[in-house]
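We name chains A, B, ... by the order of the sequence lines, and we start the count at 1 in each one.
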Amino acid sequence: MPHSHLPPHPVLSLHDSQSRATVPFTPIDPAHVKVYYCGPTVYDLAHIGNLRAMLTADVLVRLLRHVYPRVTFVRNITDVDDKITARARANGEDIGSLTQRTTEEFHQDLASMNVLPPDIEPRATHNIGEMQAMIARLIENGHAYEAEGHVLFSVGSFPSYGALSGRNPEELEAGARVEVAPYKKAPGDFVLWKPSDADQPGWDSPWGRGRPGWHIECSAMSHRYLGDSFDIHGGGSDLLFPHHENERAQSLCCFPHGKFANYWVHNAMLLVEGEKMSKSLGNFLTIRDVLAQAPAEALRLLLLGAHYRSTLNYTQAGLQEARKTLDRFYRALAAGPVPETDVPEGVMQALADDLNTPKAIAELHALAAQALAGDRQAAGALKAGAGMLGLLQGDPEQWFKGDASDEDTAIEALINERLVARKARDFAKADALRDQLQAQGIVLEDTKDGTSWRRA
RNA sequence: GGUCUGGUGGCAGAAUGGUGAUGCAGCGGACUGCAAAUCCGCGAAUGUGGGUUCGAUUCCCGCCCAGACCUCCA
């Protein structure tokens, strides 16, 4: 059971949405920590709001891996959904090709953001059997019923329904803004299985050809890969209700001896230039939109610059600021050798305190200042600490100059020409050459050791 | 309408019952032929009205404002 190399507990605290408090994190089994996150519905490119959730999970998992010997991180792909069906139809494309392509794009985008892949990435369509088994069991248990080809979860059958999101079913009825389907026994009841037309994706089932409701897939996949009880379940705060509430209800009713998720982690939403990101405002930014304007690492730093539970205002100015910060950090690394170092205590403490990434970044600023003052140990600590955030692992040369290209020799030739002019004290010519490079986006820095350059 | 978050300098963004981090921007200076980078220094903030307290930005209540959720959005 207890391993001698396991850390003393607790080492980190997390804000648990269910208890609405920041609490010490105690794993069910410290030798094996289990995390489930809701992944994307693959019908379109991932946007920077999706990214924020993936990034929060990434930092959480990096931290857990640093502390615990084994972590299993499961993040699903939702590849059956009416939005997918609709988009495929609009594109004149078949569903399989849409979901395949979108999944690949998702993987590419996250890889470019240095978000580590999950250990297991189940697809909903590969887990229909598990979902059907759960649904059958819920019917047997009296927690679900059939009506007009649908199978519905009976919210009234689960006394603690609403405990996660802090709601009660009566309140929900009062404010419901969607008309209630006539076949529901109670307005809060939600679909586990629904009938499919011939032109909709469907699977044979005891309740006829149909497709799963949204919530059941995460219950089925988390159970299959993590069991009755696991440590952390996460996602965006917009998933808290109804998605996570419903997942919890299904899972606990289906597996009453389990505890489902012990801790719930939810990240806050994103604004774009002070406004809610929405299609109607036309300010919907995909990861690719942003990467066309700035390095991925700048976006990563920008998003980690706010605590995950507070609303983050994404701005162009902020993106440029993040980029300049990375210039400074990489300069600190490039100033000399970078020894292998442990993750500095300040960074660990910040992250262990409910993933306080802004505070961790403030620690990095202090280390960068020390490194620039000549403390190479601090440079090592800067790199190690930034590594916990998935930052600063690149080559500084690459950061400043980009991929080596034929252009580089031309740039260096101009720099040499300028040096000759400077030695001759022909500053007019030297400055003209510098301006010429500036116009190409090349910034020069004269040091006592010579002239270095970087792309602006 | 209901539930829940949150309002900190010009901007971004931490923290805290007892003199409010950090970064960007700004200003002054050093360095530089001039820049760039670096360094030194400066100014600058707790939405509003009450309450609790020796002391509130922090805890409590009202108000204003913003955001999220209220049946398939990260």
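Relative to the side chain of A:P242, the nucleotides B:C73, B:C70, B:C34 differ in distance, and B:C70 lies closest. For A:F190, the listed nucleotide lying nearest its side chain is B:U71; candidates were B:C34, B:C4, B:U71. Ranking B:C69, B:C72, B:C34 by closeness to the A:D446 side chain, first place goes to B:C34. Closest contact between the side chain of A:W214 and the listed nucleotides B:C70, B:G67, B:C72 involves B:C72. The listed nucleotides are B:U5, B:C34, B:C69; the one nearest the side chain of A:R418 is B:C34. With distances taken from any side-chain atom of A:H365 to the nucleotides B:G2, B:A37, B:G23, the minimum falls on B:G23.
Of the C1' atoms belonging to B:A21 and B:U58, the separation is 16 Å, rounded to the nearest Å. When the P atom is used for both B:G26 and B:G62, the distance is 43 Å, rounded to whole Å. Going from the C1' atom of B:C65 to that of B:G49 covers 15 Å, rounded to whole Å. B:A12 and B:G18 have their P atoms separated by 26 Å, with the value rounded to a whole Å. Here, B:U57 and B:U46 have their C1' atoms 4 Å apart, quoted to the whole Å. Nucleotides B:A25 and B:C59, compared at atom C1', are 35 Å apart to the nearest Å. Straight-line distance between the C1' atoms of B:C63 and B:G7: roughly 14 Å, to the nearest whole Å. Between B:G29 and B:G43, the two C1' atoms lie 15 Å apart (nearest whole Å).
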Pairing annotation in dot-bracket form, given for RNA chain B with Watson-Crick or G-U pairs under 3.5 Å and | for cross-strand partners: (((((((..(((.....[...))).(((((.......)))))....(((((..]....))))))))))))....
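What separates CD of A:Q250 from P of B:C72 is a distance of 15 Å, to the nearest Å. In this structure, NZ of A:K276 is placed 14 Å from P of B:A66, rounded to the nearest angstrom. Atom CD of A:Q18 and atom P of B:U3 are 20 Å apart (whole Å). If you take CG of A:L382 and P of B:U22, they are 17 Å apart, rounded to a whole angstrom. Taking atom CG on A:L51 and atom C1' on B:A74, their separation rounds to 10 Å, with Å as the unit. A:R167 has its CZ atom 10 Å from the P atom of B:C69, to the nearest Å. Atom-to-atom, CG of A:L372 to C1' of B:C31 comes out at 16 Å; the value is rounded to the nearest Å. A straight line from CG of A:L271 to P of B:A68 spans 7 Å, rounded to a whole angstrom.
OP1 and OP2 of B:A37 both lie 4.0 Å or more from every side-chain N or O belonging to A:K448. Checking the phosphate oxygens (OP1, OP2) of B:A36, no side-chain nitrogen or oxygen of A:R331 falls inside 4.0 Å. For A:R309 and B:U5, the shortest distance from a side-chain N or O to OP1 or OP2 is not below 4.0 Å. OP1 and OP2 of B:U71 both lie 4.0 Å or more from every side-chain N or O belonging to A:K184. Phosphate proximity of B:G23 to A:K324: absent, as no side-chain N or O sits under 4.0 Å from OP1 or OP2.
Of the possible polar contacts, one joining the A:S222 side chain to the A:S219 backbone as a donor-acceptor pair under 3.5 Å is found. In this structure a side-chain-to-backbone donor-acceptor pair under 3.5 Å is present from A:R52 to A:A268. Remark: side-chain polar atoms of A:N127 are not paired, donor with acceptor, to backbone N or O of A:E130 under 3.5 angstrom. Between the A:Y330 side chain and the A:G394 main chain, a donor and an acceptor come within less than 3.5 Å of each other.
A side-chain donor from one of A:R288 and A:Q108 sits under 3.5 Å from a side-chain acceptor of the other. A:E217 and A:N76 share a donor-acceptor pair across their side chains, judged by distance under 3.5 Å alone. In this structure, a donor-acceptor pair under 3.5 Å is present between the side chains of A:T451 and A:D446. Of the N and O atoms on the side chains of A:W453 and A:E412, at least one donor lies less than 3.5 Å from an acceptor on the other residue. Residues A:S112 and A:D109 bring no donor and acceptor atom of their side chains to less than 3.5 Å of each other.
By the 4.0 Å N-to-carboxylate-O rule, A:R87 lies close enough to A:D44 to be salt-bridged with it.
Here the two rings, on A:F230 and A:F260, have centers that are under 6.0 Å apart. The ring of A:H15 has its center no closer than 6.0 angstrom to the ring center of A:Y308.
The residue A:L444 sits close to a base: some heavy atom pair falls under 4.0 Å. Here A:G318 lies out of heavy-atom contact (under 4.0 Å) with every strand. Among the heavy atoms of the strands lying under 4.0 Å from A:R328 are primed sugar atoms or P, OP1, OP2 only; no base atom is included.
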Polar atoms only, N or O, under 3.5 Å: list the protein pairs with nucleotides 10-15 of chain B and their distances.
unit_1, atom_1, unit_2, atom_2, d
B:A14, OP1, A:H307, N, 2.6
B:A14, OP1, A:S310, OG, 3.4
B:A14, O3', A:N356, ND2, 3.1
B:A15, OP1, A:N356, ND2, 3.0

